[in-house]
Amino acid sequence: MNYKYVFQVVRTLRKENYLTVVPGGKLVILDRKGGLIFRWAKDKEIILNSLSR
């Protein structure tokens with residue numbers, strides 16, 4: 001995946017409070033119990049289809 005696409009996904013996940021950035025620039029998952037997993041499952045098909053083109 002290209003950098004621009006990954007950056008957009010990370011930015012969206014931060015806006016929706018699935019991820020945050022701690023001092024030092026490290027990304028931290030805020031909802032380990034399911035929020036991020038459900039979001040990934042929703043987007044997984046779209047992501048995989050875009051990679052196979």
Verdict with supporting geometry, Val21 and Arg14, side chain to side chain contact (heavy atoms under 4.5 Å, CB included): CA-CA 8 Å; Val21 179; Arg14 287 182 63 201; 3.5 Å; yes
Contact list for residues 18-28, test salt bridge (charged side-chain N to carboxylate O under 4.0 Å, His left out), sequence neighbours left out: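 Checked against salt bridge (charged side-chain N to carboxylate O under 4.0 Å, His left out) - neighbours excluded - no pair reaches residues 18-28.
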Test item: Thr20 and Leu27 side chains (from C-beta on) under 4.5 Å apart, heavy atoms: no
Hydrophobic cluster partners of Leu30 (side-chain heavy atoms under 4.5 Å):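 Leu30 shares its hydrophobic cluster with no other residue.
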